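Here's the structure, in structure tokens; my notes come after.
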Number of protein chains: 2
Amino acid sequence: MPVELTPSQALGLWHTVSLEQVRVDGRDLTLRQMAILLQIYLVPPPHTVRGLAATLGVTKPVITRALDTMGALGLVDRVRDDRDRRNVVIKRTVDGALYLEKFGDLIIDQGRKQPK
Amino acid sequence: MPVELTPSQALGLWHTVSLEQVRVDGRDLTLRQMAILLQIYLVPPPHTVRGLAATLGVTKPVITRALDTMGALGLVDRVRDDRDRRNVVIKRTVDGALYLEKFGDLIIDQGRKQPK
DNA sequence: TTCAAAAGAAACGCTTGCGTAACGGTCCGT
DNA sequence: ACGGACCGTTACGCAAGCGTTTCTTTTGAA
């Protein structure tokens, strides 16, 4: 059961969610960081720097830096892979799950407010 | 007729749209810039720096800088208000309308792809 | 055992956004 | 006509992200 949106609803939803997120959340993650965060939490693990870089279509340092930032915020965690110690496995955190849960609620709330 | 979303659909939609936007669009507007852009195009004019700052809950220089950036990209335009020459009225552009139209299409497309 | 390849991080210089504070132009009541 | 209030911009020092390049560790095959 897909989500059917009119053009007005689509942009209106993005508008009100962005607006509310700007007003409420001081963190102001970039679009890239948000895409990485959602990828980590919505797609089955394991996640690696290399894999995320390929999925996003960006270079590896972009992922490393984003993980630095979001790690400092407690939204993700990094653990060395013992199978292949060159790899780093990105782990979810309770804070990260909570953050996205609240963000999901925001989207749902704003979706309900879209007219037409 | 509001938009009813499950938690999975809400985050999934944001996920796939962000991902596609990162892959396709090199501009990478910040969340603030996107919120400003949508405010300008979805809410009836006139728009001023002061008004946008109040709506977004940010300071005026934030708006000025965002307008600098998006102006250079051709997404918005600025015109002095002849009624009160202290004011600057923010104008929409053809390029900006086109940009948001494509973005809206992206949201609609990704919405259709959300399961459940 | 040796060595090229791979993964992630760190280093480099640059660009862009931030918050605060100060500034120049404009309006309007006195 | 003067002075305060208002509007948007600019200046300043700082923090964070970017792309490219280099480095370190680890792996696996010759």
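Here is how names work: the chains are called A, B, and so on, in the same order as the sequence lines, proteins then strands, and each is numbered from 1. Computed from a predicted structure; not experimentally measured.
Residue pairs meeting the ring pair (Phe, Tyr, Trp, His ring centres under 6.0 Å) criterion with at least one member in residues 42-65 of chain A: none, sequence neighbours excluded. Residue pairs meeting the side-chain hydrogen bond (donor to acceptor under 3.5 Å, both in side chains) criterion with at least one member in residues 62-75 of chain A, sequence neighbours excluded, are A:Asp68-A:Arg78. Pairs engaging residues 17-42 of chain B under the ring pair (Phe, Tyr, Trp, His ring centres under 6.0 Å) rule: none recorded [sequence neighbours left out].
Taking 4.0 Å as the cutoff to heavy atoms of chain A, we find the contact window on DNA chain D bounded by D:dG17 to D:dT27.
For B:Arg85, the side chain to side chain donor-acceptor pair (under 3.5 Å) partners at least two apart in sequence or on another chain are B:Asp82. Considering only residues two or more places apart in sequence or on other chains, B:Asp105 meets the salt bridge (Lys or Arg N to Asp or Glu O under 4.0 Å) condition with none of them. Listed by chain and number, the residues in a side chain to side chain donor-acceptor pair (under 3.5 Å) with B:Asp81 amount to none (sequence neighbours excluded). Not counting sequence neighbours, the partners of B:Leu42 by the side-chain contact (heavy atoms from CB on, under 4.5 Å) test are A:Leu11, A:His15, B:Leu38.
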Identify each donor-acceptor pair in which a side-chain atom of residues 16-26 of chain B lies under 3.5 Å from a protein atom, sequence neighbours left out, and give them as a table.
{"residue": "B:Thr16", "atom": "OG1", "partner": "B:Gly12", "partner atom": "O", "Å": "3.1"}
{"residue": "B:Thr16", "atom": "OG1", "partner": "B:Leu13", "partner atom": "O", "Å": "3.2"}
{"residue": "B:Thr16", "atom": "OG1", "partner": "B:Gln110", "partner atom": "OE1", "Å": "3.4"}
{"residue": "B:Thr16", "atom": "OG1", "partner": "B:Gln114", "partner atom": "NE2", "Å": "3.1"}
{"residue": "B:Ser18", "atom": "OG", "partner": "B:Trp14", "partner atom": "O", "Å": "2.7"}
{"residue": "B:Glu20", "atom": "OE1", "partner": "B:Arg23", "partner atom": "NH2", "Å": "3.4"}
{"residue": "B:Gln21", "atom": "NE2", "partner": "B:Asp25", "partner atom": "OD2", "Å": "3.3"}
{"residue": "B:Gln21", "atom": "NE2", "partner": "B:Tyr99", "partner atom": "OH", "Å": "3.3"}
{"residue": "B:Arg23", "atom": "NH1", "partner": "A:Thr55", "partner atom": "O", "Å": "2.6"}
{"residue": "B:Asp25", "atom": "OD1", "partner": "B:Arg27", "partner atom": "N", "Å": "3.2"}
{"residue": "B:Asp25", "atom": "OD1", "partner": "B:Arg27", "partner atom": "NE", "Å": "3.2"}
{"residue": "B:Asp25", "atom": "OD2", "partner": "B:Tyr99", "partner atom": "OH", "Å": "2.9"}

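Linking ILVMFWY residues whenever their side-chain heavy atoms come closer than 4.5 Å, directly or via other members, leaves A:Val89 and A:Ile40 in distinct clusters. Cluster membership check: B:Val58 shares its hydrophobic cluster with B:Leu29, using side-chain heavy-atom separations under 4.5 Å among Ile, Leu, Val, Met, Phe, Trp and Tyr.
Contacts between residues 28-41 of chain B and DNA chain C, defined by a heavy-atom separation under 4.0 Å, are made by B:Arg32, B:Gln33. Contacts between residues 44-66 of chain A and DNA chain C, defined by a heavy-atom separation below 4.0 Å, involve A:Thr48, A:Val49, A:Arg50, A:Lys60, A:Pro61, A:Thr64, listed by number.
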Write down the protein N/O and nucleotide N/O pairs, taken from nucleotides 26-30 of chain C, whose separation is under 3.5 Å; answer none if there are no such pairs.
{"residue": "C:dC27", "atom": "OP1", "partner": "B:Arg85", "partner atom": "N", "Å": "3.0"}

